[in-house]
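Each remark here refers to the structure printed beneath this line.
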2 protein chains.
Amino acid sequence: MVMTTGRRERKKAQTRKALADAAVRLFAEHGYDGVTVAQIAEAADVSIATLFAHVPDGKEALIFDDGAGRGDRLARAVRERPPGEPVPRALRRCLAAGGPFAGDLPPELRRKRDLIVNTPALRAYSRTLWIAGEPALAAAIAAESGQDPSGMAVRALARYVLEIPELAGAEPDPLAAMHAIFDLLEPGWPG
Amino acid sequence: MVMTTGRRERKKAQTRKALADAAVRLFAEHGYDGVTVAQIAEAADVSIATLFAHVPDGKEALIFDDGAGRGDRLARAVRERPPGEPVPRALRRCLAAGGPFAGDLPPELRRKRDLIVNTPALRAYSRTLWIAGEPALAAAIAAESGQDPSGMAVRALARYVLEIPELAGAEPDPLAAMHAIFDLLEPGWPG
DNA sequence: TCTAAAACTATAGTCATTCTGGATTTGTCG
DNA sequence: CGACAAATCCAGAATGACTATAGTTTTAGA
């Protein structure tokens, strides 16, 4: 019996959000290295042990409370794209919509995005979140082009696409940079 | 006056090597996480403070004593390739010669390579060493194709090439995997 | 209400890394 | 040679992330 809306789950999500909010605020104020996990736990009014129970992946994971499913979104975009649309175009669309490429964000999210882009530890962790979706994306691409999902060509393609945010995110014009990379990858695209 | 062969430099290199040797041996015996830097310092007969003076980048950097210049080798391979040879072919040759792709290595080096490939922390650090050569490789590629060295297309190309070792290094046939990736990148290659 | 799982906490570790402050060694120059 | 400055070394303490333990509170569900 999975009661997804029990008080327990609600409190859990609430605490997780309090931790993420405290982390974003404090990081923005004092910088990532200028804040200790003890201070974040204090600000969220929980013990350090509880903090790590909620965020087992550690300090860098604190601000990423909105699920890890970044890479998986791309796989879904491929699978559910309009019929006839080429795979790379679907990927361009999906990438452009989120992550570092979205044009106008609420100031709160913009601050968070800048924080990630400008903090090496957070950028690196963000990359691992994206890359975790590699098998899913490789499977989706392979299904469309009739290739082996574990073959190197498909795997590399998935990896290269998933690394675009980190590669283009810090450019003056991230969106243009993203398209430039796709223009590079598309000629070799299978199928 | 830079006396490159003074006793000081010699002792320094000697200690650095002792640390690297002790680290490789202990890591191979007990695994990366099964060894503390204190044990490595002990085995090399130096204090912990001295260990960090020799290896400021920390535990992962211990076994990489042979200069960081991996990525730079690729840039040189491009610049000094035989006249008329396409850039990608020169890169294939250079990559195939070293890193995880070399066929027959002395058992000592093979053990070290397996250690790196099978240890996430070491693999990640190895990647940062490769990637550090991105600007140099991008400059070399740009010079050949008459493009802007800081343009996204060239930068992405350099990055993607430098990530081949991490991407293909763990495959059953690393060399074949490497060539598969180049077959993917070459159609979009500029110039 | 009763019970067992889940969540919370304080406390005490372990480990990597940095800092401090002083000793020792080495290159150089008079 | 002998002294001086720089580089090197070291013990020891401190910081900070993270883990392990063991006991307390809260909640879900019968």
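Proteins get letters first, then strands, A, B, ... in listed order; numbering begins at 1 in each. All values reported here derive from a predicted model rather than from experimental measurement.
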query = Starting at CD of B:Q14 and ending at P of C:dT26, how long is that distance when rounded to a whole Å?
reply = 12 Å
request  = For residues 27-57 of chain A, pull every pair meeting ring-ring contact (aromatic ring centres under 6.0 Å, His included), keeping only residues two or more places apart or in separate chains.
outcome  = A:F27-A:Y32
request  = State whether B:K11 places a side-chain N or O below 4.0 Å from either non-bridging phosphate oxygen (OP1 or OP2) of D:dT8.
outcome  = no
note = Quick note, side-chain hydrogen bond (donor to acceptor under 3.5 Å, both in side chains) partners involving residues 177-191 of chain B, not counting sequence neighbours, are B:R92-B:H179, B:R92-B:D183, B:R92-B:E186
note = Residues passing the side-chain contact (heavy atoms from CB on, under 4.5 Å) test with B:A177, sequence neighbours excluded, are A:M152, B:A168, B:E171
Pairs where residues 84-106 of chain A contributes a residue and the test ring-ring contact (aromatic ring centres under 6.0 Å, His included) is met, not counting sequence neighbours = none
key: salt bridge (charged side-chain N to carboxylate O under 4.0 Å, His left out) partners for A:K11, two or more places apart   = none
query = Going through the checks in order, is the side chain to side chain contact (heavy atoms under 4.5 Å, CB included) test met by B:E29 and B:R25?
reply = CA-CA 6 Å; B:E29 278 177 30; B:R25 185 171 55 79; 3.5 Å; yes
task = Give the rounded distance in Å between these two atoms: NZ of B:K12 and C1' of D:dC9.
result = 12 Å
request  = Considering just the side-chain nitrogens and oxygens of A:K59, establish if one lies under 4.0 Å of OP1 or OP2 belonging to D:dC18.
outcome  = no
request  = Using a cut-off of 6.0 Å, state whether more than 12 heavy atoms not belonging to B:R93 lie near its atom CZ.
outcome  = yes
ask   = Can you check the A:R10 CZ to D:dT26 P distance for me, whole Å?
value = 17 Å
ask   = How would you list all residue pairs meeting salt bridge (Lys or Arg N to Asp or Glu O under 4.0 Å) that involve residues 106-115 of chain A, not counting sequence neighbours?
value = A:D65-A:K112
query = Listed by chain and number, what are the side-chain contact (heavy atoms from CB on, under 4.5 Å) partners of A:D45, not counting sequence neighbours?
reply = none
Qualifying residues under side-chain contact (heavy atoms from CB on, under 4.5 Å), relative to B:D33, sequence neighbours excluded = none
ask   = Should side-chain heavy atoms under 4.5 Å link Ile, Leu, Val, Met, Phe, Trp and Tyr, which residues sit in the same cluster as A:L109?
value = A:L105
ask   = Does anything in residues 30-39 of chain A reach DNA chain D, meaning a heavy atom under 4.0 Å, and if so which residues?
value = A:V35, A:T36, A:V37
query = Which residues in residues 44-57 of chain B have at least one heavy atom lying under 4.0 Å from any atom of DNA chain C?
reply = B:I48, B:F52
ask   = Under a 4.0 Å heavy-atom cut-off, which of residues 118-128 of chain A touch DNA chain C?
value = none
